[in-house]
Amino acid sequence: MERYSRRSNLQQYEAQQNFHSLLHAAATDVGLDRVTWTTQQAGDGELAILPPDVPESRVIGRFVPELNRRLRAFNSSRTPAAQIRLRVAVHQGLVHLDGANGFPGHAVVHVCRLCDARPVRQALAAFPDAGVALVVSTEMYRDVVCEYPEEMRPERFRRIEVEHPEKEFREPAWLYVVDEDMSSWPSPQEPPSPSGGPPVEPDNGAGAARSDTGAGAAGPGIRTGDIRVRGQNAIGPNATAIGSVGRDVVFGGEGGGR
């Protein structure tokens, strides 16, 4: 949730209640059962591991737009302090569901890094009427968004570079502020986009849970070290699509980060 830490105690309480109600309503409307999601709560957001039978195309192409629609309607009658605006990240990969303190796995780290990316925060702030800023990993853009252009409109996504130098993380991703025209949005971190399809990932060793995307790659898969697994996989009884919703972090002079 955007600006969660700036709210009063009562406002945070109400935001959490509304956050869950909006997620549940949007999921129900598009035929998703949130009861089956394995989740980890964080006050200002949620990490969700979805069952393997949930199509990623439904999450990106239907659930996120419905969530955005409901958020816009919800915010239209509320003061800025009571509004809820979300950053949503979607990725896929290997996940342990039996961790002692969360869900171990590079894929979980990756999706959280995407959600906390500076360009995603900047894009949401640049469109004050928007409800959702959606960021997807390169493989999700290539394997899901580009495969269903009639639903997700790949041309509306902007390629960005997600960088967390203090965590030695640098990966490309694709960003879309839902139902907003981003063609004139000047992303300060956006690298030149190659013509004709998704970009080639830089070979920098960051982000172990990912798949090759360059021309001549052997097809989609998850690479961890020297091991690559083809297709959508998870360690544990369920998990393929991973979504992370918002973490409000204040940097610099406004307060401490986490």
Side-chain angles (χ1 to χ4, degrees), residues 1-3 45 56-69 71-72 85-92 107 110-165 169-204 206-207 210-215 220 241-249 251:
M1 280 183 274
E2 184 185 54
R3 297 176 181 169
E56 290 93 336
S57 59
R58 180 176 296 180
V59 175
I60 299 174
R62 297 185 60 192
F63 169 68
V64 172
E66 176 60 23
L67 180 60
N68 176 71
R69 186 188 70 80
L71 285 167
R72 285 177 182 261
R85 289 165 20 102
L86 303 177
R87 300 185 309 278
V88 179
V90 183
H91 182 46
Q92 63 181 7
H110 193 111
V111 78
C112 291
R113 298 285 185 263
L114 297 185
C115 201
D116 280 343
R118 180 168 163 246
V120 183
R121 295 173 180 277
Q122 292 172 328
L124 186 59
F127 297 94
D129 294 329
V132 175
L134 169 67
V135 58
V136 301
S137 60
T138 297
E139 50 266 55
M140 294 301 295
Y141 178 78
R142 179 198 61 206
D143 297 339
V144 180
V145 175
C146 290
E147 289 297 320
Y148 298 89
E150 70 282 359
E151 290 187 29
M152 282 166 266
R153 304 290 295 275
E155 71 276 8
R156 294 186 177 181
F157 285 73
R158 293 282 297 274
R159 187 182 187 273
I160 62 171
E161 198 75 18
V162 176
E163 296 184 85
H164 296 278
F169 184 94
R170 185 174 186 269
E171 289 286 331
W174 290 82
L175 171 65
Y176 174 41
V177 180
V178 183
D179 287 339
E180 296 288 349
D181 180 7
M182 298 186 65
S183 60
S184 60
W185 177 64
S187 170
Q189 293 190 358
E190 182 183 48
S193 179
S195 59
V200 176
E201 287 184 336
D203 185 15
N204 57 17
R210 64 177 184 178
S211 63
D212 295 335
T213 59
I242 302 171
S244 175
V245 182
R247 293 287 184 96
D248 188 58
V249 185
F251 294 95

### Side-chain touch Val144/Met152, heavy atoms, less than 4.5 angstrom
yes
### Query
Between the side chain of Arg158 and the main-chain N/O of Met182, is any donor-acceptor distance below 3.5 Å?
yes
### Query
Looking only at heavy atoms, what is the nearest atom pair of Leu114 and Ser137, with distance?
CD1-N, 3.8 Å
### Query
Is there a side-chain contact between Leu67 and Val178, using heavy atoms and a 4.5 Å cut-off?
no
### Query
How far apart are the closest heavy atoms of Ala123 and Val177, and which atoms are they?
CB-CG2, 3.7 Å
### Query
Would Arg87 and Glu2 pass as an ion pair if we require N to O under 4.0 Å?
no
### Query
Taking all atoms of both residues into account, what is the closest heavy-atom pair of Cys146 and Pro154, and its distance?
CA-CG, 3.9 Å
## Note on the structure
Exactly one candidate in Arg113, Arg170, Arg118 meets salt bridge (Lys or Arg N to Asp or Glu O under 4.0 Å) with Glu161; the answer is Arg170
### Query
In a check of side chain to side chain contact (heavy atoms under 4.5 Å, CB included) between Met140 and each of Val111, Ile60, Val145, which one passes?
Ile60
### Task
Please determine if Arg72 and Glu180 form a salt bridge, counting it only when a charged side-chain N lies under 4.0 Å from a carboxylate O.
yes
### Message
What's the separation between atom CG in Leu134 and atom CZ in Phe63, rounded to the nearest 0.5 Å?
### Response
11.0 Å
### Message
Does Tyr148 have more than 12 heavy atoms from other residues, nucleotides or ligands lying within 6.0 Å of its OH?
### Response
no
### Query
How far apart are the closest heavy atoms of Glu151 and Gly61, and which atoms are they?
OE1-CA, 4.3 Å
### Query
With a 4.5 Å limit on heavy-atom distance, are the side chains of Trp185 and Leu175 in contact?
yes
### Query
When you check the gap from the basic side-chain N to the acidic O, do Arg69 and Glu66 get nearer than 4.0 Å?
yes
### Query
Does Pro65 have any side chain to side chain contact (heavy atoms under 4.5 Å, CB included) partners at least two apart in sequence or in another chain, and if so, which?
none
### Query
Once the angle between the rings of Trp174 and Tyr141 is folded into 0 to 90°, is it parallel (under 30°), tilted (30 to 60°) or perpendicular (over 60°)?
parallel
### Message
Using every non-hydrogen atom in the two residues, find where Asn68 and Ala130 come nearest and quote the distance to one decimal.
### Response
OD1-C, 4.3 Å
### Query
Is a side-chain donor or acceptor of His110 paired with a backbone partner of His91 at a separation under 3.5 angstrom?
no
### Message
Holding to side chain to side chain donor-acceptor pair (under 3.5 Å), I want the full list of residues that pass it with Ser183, two or more places apart in sequence or in another chain.
### Response
Asp181
